[in-house]
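Heads up: the structure comes next, in C-alpha cells.
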Amino acid sequence: MALLAFAAVGAGLLGFTAHFIRDQVEHARREAVEQAIALTRRLATDSATPLATRAAAPLEIGLGAIMGDPGVRAVRITDVRGAPIRTIPANAAADGRSPPAPPGDAERLVTVGPDLISVWEPVTAGTLLGWVNLDFSLERVAAYRRQLWTGHLLGGFVAAGLTSLLLMLFLRKPIQAIRNTTDFVNQLDTRRGQRIKPVNGPKEIEDLQKALNYVSLRLEIQESALLNAAERLTAVVDNGVTGIVIVDATGVVETFNPAAEGMFGYRAQEVIGRNVSMLISEPHRAAHHGYVEHYVRSGTPEVMGRVREVQARRKNGEVFPIQLLLSDMLLDGEMHFVGFIVELTERKAAEEKLRQSQKMEAVGRLTAGVAHEFNNLLTAIGGFARLVKRHADDPEVVNEWADDIIDASDQAASLTRELLHFSHREPPNLKAVSIGTVLEKLESLVRPTITEMISTRFDVADRDAVVRVDPERLSQALLNLVINAKDAMPEGGELTIASRIVELDANDVAGFDKARPGPHVAISVSDSGTGIDETIIKDIFEPFFTTKEVGRGTGLGLAMVYGMAQQSSGVITVESEVGVGTTFTVYLPHLERTETEAAAEAGDTAEEEGAPTGSETILVVEDEPAVRNLARIALESLGYTVLTAHDGAQAQELCGTDGGSIDLLLADLGMPRVGGHELAGRLAVARPELKVIFMTGYNEATYHADAGEPDGDTILLRKPFDPNELGRLVRSVLDASNPA
Amino acid sequence: MPPETDILVKNLNILVVEDNPGTLKLIQAVLKDMGVAQVRTAMDGRDAQAYLDGGAGAINLVICDWNMPHMSGLELLKQVRASRPDLPFLMITARGTMDSVIAAKKNGVSAYIVKPFAPAQLEEKVASLAGRAQGT
C-alpha cells in the first residue's frame, strides 16, 4: 500500500518535473541561438572593413574577442564563395571535414543541431564581401538540462517519500481496520456469532463493521435454529417406533433408522448404499420397483401418500407383513423417497385371534340357536308320538297329532337344509310358482303366530304373477321377515304383507350379481315397530349377526332371506326409521307364465294328493334303521314287496339267492365298507337291466367328491324325503324300466 | 294317578307361556289329556304379565318357557314372585345347566323341566304341583 502511494506520488511528480524541465531547456536553447546570432553579426560588422581592405590585423582583433566566449567552438571568415580566409581554432580547418558551404543568397542562415548551432552571416559593404560562419556549442544548454533534472528529481523523490509517509500515517488505521474486517469476513464461517471490535475511523468502515456484526449474529441465530430443527428431526427419526427408510430415485438406501434396524434385523451400515429391494419380499418387490420407477418417470403418484400392506423380508429371510406409506421429496433437484413402516405381525396375529374367537362365538351362537330350535321340535315330535301311542284307538286325535309330528319334522328338515345351505352343501330347488300360492301358504303359517295386539293385512296384487324360486325357501324367508316384524312390535302395531309388479332399472339391481333390470314381483313385509338403527342396518344381512339374546335367534334369518333373493336372481332392500317402522322388500324376476309351467304347477298340486301303487320287488339298502324302516313301510303300504339290507354285503347275499326277483335297488350312497355306488356296480354284472335309485344326505357336488363320477342314468333321492315323494319316484323309475 | 290328585288336576287353572307353537300345542294336548279344564296361553312374558296383572286371580299354576322374546321366563318368574309368592311356577327350558337351575331356584321356581321332555314328565310335574296349587 505504501509502495503504491509512493509510486503514485512519484509518477505524478515525475510528469510535472519533465514538463517543467522541457520548458526551461527550450528557453535556454532559444537564448543560445540568439547569442550565437548576435556574436556572428558583430563579427561580420567588424570584418567588413578588413575584408574590403584585405588588412589582416583588424580581423585578428575581432576573432580574438569572439573566441573569448566559452560557447564558441569555431569561427570561419570566408570569401564570397565560402573559401576560408581565416579559421579559428586552426584545428577546425584541419579536422578533415570539408568546410561547410555558405547559403546561396546573401542572407543569414541558422541551423540548430542536437549539440551545435551553425550561423552563416554575410559580410557586406554595399556588396557581398564574404561570410562569417560560427559554430556555437549547445553544451551549456545540455549541462543546464542535466542540472535541472538532477535538482528536481531529487527534490521530487524526497517530496514523494514524504508524501507517502504522511499518507501511510493517515491511512494506517483504516487500512488495518479493513484488513481486520476482511479477515473477519474470511473467517465468518468459523467465527459466526462473534463480534468485530469497531475501530474509530472513517464512518463507512465503522458502519460496515456494524453491519457485519449484525450479519454474524443473524447467521448464528439462523444456524442454531437449523441445528435445533435438524436435531429434533434426528431425535424423531432415531427414537420413533416407526421404521423410516429414505432412498434415492434409484432405490439406494440413504437412511435406515433404529426402528427399521429392529424390524428388519439389519444394522444401518449393512443396508445403506444398497438397493431397498433387499427389504421387500417377492412378489411385492417387482411391483414396488415398478411403482417407484413409474412415478419417477411419469410423476403419477400411484403409491405416494397411500398406505399399503406389503410383505417385507428380514435379514434371516423371514417374511413379515408391514404397512408402508411412501412419500416423495425433492432435495437439491433430486427425487428421494421416504418410507414409513409399521410392522403388522402382532396386529395380524391379534386380528386372526379375534377372527377365530368371533368365529367360535358365531358357532356358539349358531349352536345355541339350533339346539334351542331342535329341542322344541324334538319335544313336539317325541311328545306327540307318545300321545299317539297312548291314544292309538282314537283315529281323530291320532291323525291330528301325526300332522303335528310331520310339521315338526318338516321344520327340522328345513332347519337342517338351512344349515347345509350355509355350509354351501344344498342347492336350491327352483320352480315356477305363482305369488298368490306362496302368499296363501304364508298367511296360513303367519296367522296363528300373531298376537291380538298386531293387526295383520295381506295386500296381494297380481296374484297370478309367476316367479322362479325355491318355494320352501321363499316361504321360510318371508316367515323370517314376519317373525322379525312381530318381534319389532312388542307393544303391538300393524303388519302388512304386500305384493305388486314393478319395473327395476340398472340402479335398482346394482350390487346384486345375478339380478337384471326388468319386471319384478315385489313382496314387502312392513311393520310399525321399533325400526333399525342406522349404525347396524348395513350388518343385518350378515350371517350370525343378531340383536336377539342367545338362544333367541341363530343369526341366520336375514342372511337366509338375502341368500334366497340372490339365488333367485332377485334383489332385497330394507327401509327403516327408528320409532316408525321397517319395510323389507324382496324383488323376484317376473316370469311370463307359459302353458307348460301352468300345467306343471297344476300337476305338482295334483300329485300332492298321494303316490301311485305297485307290486314289484324292491331291495332297500340303508345302514340307518329309521330311514330303512320308513322306506320299507312306505313302499309296502303302496303294495310293493320289499327286501331290506343294512349294508352292501348283506344286499349281495340277498341278490345271490333271490336276485332274479328284484326289480329295483334303493341304496344309500354313504354306507360303510361297500357304498351304494359300488354295490350297484357289482349287481350290474349279473343284472345289467336292474334299475337303481340312490339316497343321499348331501347334494350332488358332495356326492361327486365322495363317491366318484355317477353315470348319466343315476337317480338321486335327497334325504330327508317324504313317503309320497319316494313312492312317486319309485313308480316313475320302474315305469321307465318296463317299456311297453 | 290317584283319584284325589285327579280331582286336584281337574281343578287347575293353568297359564301356559310358550312362544314355540309346536311345544305350546303339545303342552295344551298333554294338559287336556290330563283333564285340566282351564288352560290359558300367552306367547311371551309380557303377554303373560299383562294377563296376570289384569286381575286373573283364578290362575293357580304357571307353566312357562325360559327363552322368549321381550321378557324371559326368568323375568316373568321374578315379577310373579313379587305379587304372588306362592303361585306354583313350572319352568320349561332348553337350559339344563347348573347355573340356570340355580338361578331359577334362587328366584323361587317350583319345578323345572328340560326340553326335550316326554308328556309323562310334564304330567308328573303338573300332578305334583296340583296339591300346592289348591292352596293359592
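All values below were derived from every heavy atom in this structure, side-chain atoms included, with hydrogens, water molecules and symmetry-related copies excluded. Chain letters run A, B, ... following the sequence lines, proteins first, then strands; residues in each count from 1.
- Salt-bridge check for B:Glu123 with A:Arg390: passed, with a basic side-chain N closer than 4.0 Å to an acidic carboxylate O.
- Each of B:Asn67, B:Thr23, B:Asp65 was evaluated against A:Asn376; a single residue qualifies, B:Thr23, per the side-chain hydrogen bond (donor to acceptor under 3.5 Å, both in side chains) test.
- For B:Glu18, the part lying near chain A is the side chain, with the backbone staying farther off; criterion is any non-hydrogen pair under 4.5 Å.
- For the atom pair CG (A:Asn375) and OG1 (B:Thr93), the distance works out to 9.0 Å, reported to the nearest 0.5 Å.
- No more than 12 heavy atoms of other residues, nucleotides or ligands sit less than 6.0 Å from atom CD of A:Glu575.
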Report task. Please step through side chain to side chain contact (heavy atoms under 4.5 Å, CB included) for the pair A:Leu387 and B:Leu26, ending with a clear verdict. Result -> CA-CA 9 Å; A:Leu387 289 180; B:Leu26 176 73; 3.9 Å; yes
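- Atoms CG and CZ, from B:Asp33 and A:Arg386 in turn, are 14.0 Å apart once rounded to the nearest 0.5 Å.
- Between A:Gly383 and B:Pro119, the closest heavy-atom pair is O-CG, 3.4 Å.
- Nearest heavy-atom pair across B:Gly22 and A:Phe384 is O-CE1, 3.9 Å.
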